[in-house]
Enquirer: 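Have a look at this one.
Values in this document were obtained by computation on a predicted structure and should not be read as measured data.
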Amino acid sequence: MRTDGILGAGKRDGRRSAINTARNKQKWLSRKEKWLVVLGVVLHAVYMLSIFDIYFKTPIVHGMDPVPPRMSAPAKRLVLLVADGLRADKFYEPDSEGGYRAPFLRNIIRKKGRWGVSHARPPTESRPGHVAIIAGFYEDPSAVTKGWKANPVEFDSVFNQSRHTFSYGSPDIVPIFCGALPHSTWNSYPHEFEDFATDASFLDEWSFDQFQNLLNSSNKDPKLKQLLQQDKLVVFLHLLGCDSNGHAHKPFSSIYLNNVKVVDKIAEKVYNLVQEYFKDNQTAYIFTADHGMSDKGSHGDGHPTNTDTPLVAWGAGVGKPLPISRSDHHENTARFIDDHLHDTETPSEWGLSGMTRLDVNQADIAPLMSTLLGLPCPINSVGNLPLQYMNLNKAEEVEAVLANTKQILNQFLRKSQLKQSTSLYIKPFKPLASYSSLLREIEQLISLKEYETAVKLSEHLRSLALQGLHYFQTYDWLMLMTVITLGYVGWMIYVILHILQSYTSLPANIFSKDQVPNPRSTVKVPLLGGLLMGVACTLLLVEKSPPLYHAYVVTTMFLWTQIFSEYHFLKAFCRYLCGRVNDYYLKLIATGVFSVIILELLVKSFTDRKLYTWCFLTTGISVPFYLYRSLPMRSGVPFFVWLACWFLSVFTLMPPQIPENTLLVVAGAAMIITIGIALRYVELHAKDNKYWLSLVAQDSKKLKFPLLFHLQILLVGLASLMVWLSTIHRTEKQELLVLHQLLNWSIAGFSMILPLFSATGLLSRLTSIFLGVAPPFLLLSIGYEAVFYGALSLALIAWILAENAYLHISKFRSSAPVKSMEDDNRCLELSDMRIPLTFMVFFNIAFFGTGNFASIASFEISSVYRFITIFSPFLMAALLIFKLLIPFILVICAFSAITKLVQVPLLGCYFLVILCSDVMTIHFFFLVRNKGSWMEIGNSISHFGIMSAQVVFVLMLFAVTNVFTKDIQVGSAQQFSRKKM
């Protein structure tokens, strides 16, 4: 039976007659915990999806009619050139010699067209960016998972509305828009062409060659010739070179910058080819990019290097260049959600200070293309027609803006209709209650030829329609946020109740023999809860709510039903608390406040990595000071803890963009070998020291494979050698030898199975795990993260040594008997809260020690080049994720070893970790944003997603690492005494 626990002291019941009862209780506890884990996984998976229903509901609705503009088309055809991954600054700025990388397009800007910066919105990936350009709306962030799939689009686009579309480019983009489009002619190169080890500018040349061949073949094909002479045609060339070269060589490399020149040359050749072929000056041209490229060669987040892309328009229907003038300045006040500043000051180094810069949101390009061709805007577009790019008379301007306004208004009316048809009660959007009168007023102004007033009123109505769209997209916010919040609070309370009932001595203390709950009374709560769930689901069915709404409500109500089912325990627990002394309350409150402060600092650390530096600097002073004052003998442990903490604190001051440095990787390997040898020395020479006995098993020297340690050291050295050779060969030859690839794969795979054959002593097994996962981490490293691996390992060793010291201090100071449970583990105590809190700190520094795991752009793709160079998104992503998991594996193994060392139940500590995670999760739930800068919005989503997934993530890592840690043995004082005898 249990005695003392997390909430106080009790009496040990050592009756042997309770053995069978204890076994049955263990079986019941095992079943309950499996059910609780499943419930936690399901709950967090369901609630994690809630942010997409609350904050990022898909904007796509169907059932609206297209609205063609009541004006003649300014252009017969349109050429869209999209340079994938082209940054605005690299396009406009001069090169090192003072010239410009895009002379043709700069000449267009100065003499023939208009220009600006197109502002993209995260996720700054290829599919969402192209959807914004071609379809005119911003996909919800969950659609980034579709970015690698070539599936047909399920929304309207400029291509859909065109008479025919000709498209050439990447197999990851072109089939998405044209694969299911009957009136399209398209082609794409094989995936094998996307080789990051080569200069990818030839992919852009391939797209141009395909278009040139099309025009040449039309001279022999009368049907194709006739098709090309028709109106409402779109030519789309997707130029992938900048994106591939940016990933492989970084955007400041000569290869990337030269690719900008290649793109400009292709734009010139396309222009000359089209002008020579058609000879009618009825072609409009749009040049832009889907996203930019960060300095480290990645994209995905909302940094300006990823969101700012060039935009150049010229040809039929496009205005001539505008010199800067106050009278020509167009104030764009109509925006969707983002807060990008339009018409900002142009950097002087761009050399375009005398030309008016016309910035747009990326989705504004779709209505611009539609209006140039005289097509209806895509029916799901939320883009505002940028009139300042067009050359129209006053009457045509009104008609163009009015068509754009009606198209957005139709979406609002459709969403309002859908909501009314499924709601028992609806609160309408009052500003558009009289939209029909506004439309009549605009038509009356047009008939009176008061065009400027009509344009302003149309833009005002369009702005109201966009606000109305936002109103109905967020209509269910209050209800959903209340349900989800109650669900998280209920889950945390339920986990606390489980810990108190199963891993503390509290039940034995608060229940006497005559306090047996009445089974009949406990049945009433589930019946009432089931009845309320049925009523709630019936209401949701009547309103035709999505299935996930049912899941949110049922999950929350089920949790609270389970909580109230424990009201006997809750009542007894309240009585127990009322009988405690004031010191107990102070200790309980202090522990709670300290835990919340630590967790809130961890929340803050997601946006400020330097907090970890202060955390480990402070820990490096306080913990060694406590150990120095408390240990009954002289020890080097305090000095080691100080050194390890301060060394680890350095890494969160370093930039998250890891620069390539092969020497640092080799130095990291040398550090790993040194640490391994030091640990082996301690293991072999501390066998007679009572302090080290818990860490060194009695049979640690009796190995099945005596040379295992030497083999692991050899593999670490061999991995560092392969890092050096592979890097040199790839740099010189621009490709990776098959032999090098095979050796790298073999070293990484073989080294990871060796820890299974090591000795089962705590120090022996952890040393073997540390050396076993080091080779794959080194082979996936490019810079200082290899040294971080060693620093993190030193800090984890310091944690283990500190816990071991605390264990000896506790035994030295206290003569109380060990408080045990049925499985030889002791009950959890209030002071044990330090273990999950320390774990949370280490777990999070594994996230942010070498970068920002919460940002898509933190994934450094060059890390995988020693294993694969041919573009393979799934394999590359798997290797990147595996690299990121390795530090977590070390943290989990250390955590499991510590629970064995201090003899506390691992699952009990796991539930405390989940409790801490959920305190952070509910905070991040309220920090999710859909206003402000899109960098903040993207990060808030990833932060919430990371914490929500932690219940599954930690559980998965526990399952994986249990293969290595389940056999760990901890020495005892009795073993030491027998050995002395």
Enquirer: Could you state the interatomic distance from CG (L807) to CD1 (I898), rounded to the nearest 0.5 Å?
Expert: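 Atom-to-atom, L807:CG and I898:CD1 are 11.5 Å apart.
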Enquirer: Check whether any side-chain heavy atom of H44 lies under 4.5 Å from a side-chain heavy atom of Y488, and answer yes or no.
Expert: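 The answer is yes; the side chains approach within 4.5 Å.
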Enquirer: Just to verify, what does Q950 make a side-chain contact (heavy atoms from CB on, under 4.5 Å) with, not counting sequence neighbours?
Expert: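 Applying side-chain contact (heavy atoms from CB on, under 4.5 Å) to Q950 gives M840, F843, F847, S917, M947, V954.
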Enquirer: Return the minimal non-hydrogen interatomic distance between V46 and A551, and the atom names on each side.
Expert: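 Here V46 and A551 meet closest at CG1-CB, 3.9 Å.
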Enquirer: Could you report the tightest heavy-atom contact between V902 and R826, atom names first, then the distance?
Expert: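 Of all heavy-atom pairs spanning V902 and R826, the closest is O-NE, 3.2 Å.
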Enquirer: Between Y910 and P836, is any pair of side-chain heavy atoms under 4.5 Å apart?
Expert: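 SC-SC contact between Y910 and P836 ruled out.
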Enquirer: Who are the side-chain contact (heavy atoms from CB on, under 4.5 Å) partners of T607, not counting sequence neighbours?
Expert: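 T607: side-chain contact (heavy atoms from CB on, under 4.5 Å) contacts with K604, H943.
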Enquirer: Which atom pair, heavy atoms only, marks the closest approach of W799 to I835?
Expert: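 Nearest heavy atoms, W799 then I835: CZ2-O, 3.8 Å.
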Enquirer: Any salt bridge (Lys or Arg N to Asp or Glu O under 4.0 Å) involving residues 475-499? Give me the pairs, sequence neighbours left out, ordered by first then second residue.
Expert: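 Non-adjacent pairs meeting salt bridge (Lys or Arg N to Asp or Glu O under 4.0 Å): K419-D476.
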Enquirer: With ring centroids as reference points, do F958 and F895 lie under 6.0 angstrom apart?
Expert: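 Yes, close enough.
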Enquirer: Under 6.0 Å between ring centres, would you say that holds for Y494 and F558?
Expert: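 Not under 6.0 Å, so no.
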Enquirer: What residues form a side-chain contact (heavy atoms from CB on, under 4.5 Å) with H923, not counting sequence neighbours?
Expert: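 Counting only residues at least two positions away or on another chain, H923 forms a side-chain contact (heavy atoms from CB on, under 4.5 Å) with E600, V603, L927.
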Enquirer: Working to the nearest 0.5 angstrom, can you tell me the gap between T561 OG1 and E566 CD?
Expert: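 Separation between the atoms: 12.0 Å.
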Enquirer: Compare all side-chain heavy atoms of F964 with those of I889 and state whether any distance is below 4.5 angstrom.
Expert: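 No, their side chains stay 4.5 Å or more apart.
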Enquirer: In sequence, state the C-alpha distance, the side-chain angles, and the governing distance for D832 and E829, and then conclude on side chain to side chain contact (heavy atoms under 4.5 Å, CB included).
Expert: CA-CA 5 Å; D832 292 325; E829 299 175 350; 3.7 Å; yes
Enquirer: Donor-acceptor pairs are to be reported for all side-chain atoms of residues 527-544 against protein atoms at under 3.5 Å, with residues two or more places apart or in another chain.
Expert:
from	atom 1	to	atom 2	distance (Å)
T538	OG1	G534	O	2.7
E543	OE2	L424	N	3.4

Enquirer: Could you tell me whether F616 and Y612 have their ring centroids closer than 6.0 angstrom?
Expert: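 That pair fails the under 6.0 Å test.
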Enquirer: Is the number of heavy atoms from other residues, nucleotides or ligands within 6.0 Å of CZ (F594) greater than 12?
Expert: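 Atom CZ in F594 is not packed in, count stays at 12 or less.
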Enquirer: Would you say L497 and L570 make side-chain contact, with heavy atoms under 4.5 Å?
Expert: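 The answer is yes; the side chains approach within 4.5 Å.
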Enquirer: Of the non-hydrogen atoms in L796 and A894, which two are nearest, and what is the gap between them?
Expert: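 Distance-wise, the nearest heavy atoms are CD2-CB, 4.1 Å.
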Enquirer: Which heavy atom in G40 sits nearest to a heavy atom in W491, and how many Å separate them?
Expert: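 That would be CA-CH2, 3.4 Å.
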Enquirer: Can you find a side-chain donor-acceptor pair between Y47 and T556 that sits under 3.5 Å?
Expert: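 Yes, a side-chain donor-acceptor pair sits under 3.5 Å.
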Enquirer: Measuring from atom CD1 of I946 to atom CE of M48, what distance do you get when rounded to the nearest 0.5 angstrom?
Expert: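 Answer rounded to 0.5 Å: 11.0 Å.
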Enquirer: For a 4.5 angstrom cut-off between non-hydrogen side-chain atoms, does V951 reach F911?
Expert: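 When only atoms from C-beta onward are counted, F911 and V951 do not touch, as no gap falls below 4.5 Å.
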Enquirer: So, using side-chain hydrogen bond (donor to acceptor under 3.5 Å, both in side chains) as the criterion, who are the partners of T613 when residues are at least two apart?
Expert: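 T613: side-chain hydrogen bond (donor to acceptor under 3.5 Å, both in side chains) contacts with T652.
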Enquirer: Restricting to non-hydrogen atoms, name the atom on I563 and the atom on G490 that form the minimum distance, rounded to 0.1 Å.
Expert: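 The pair with the smallest heavy-atom distance is CD1-O, 3.2 Å.
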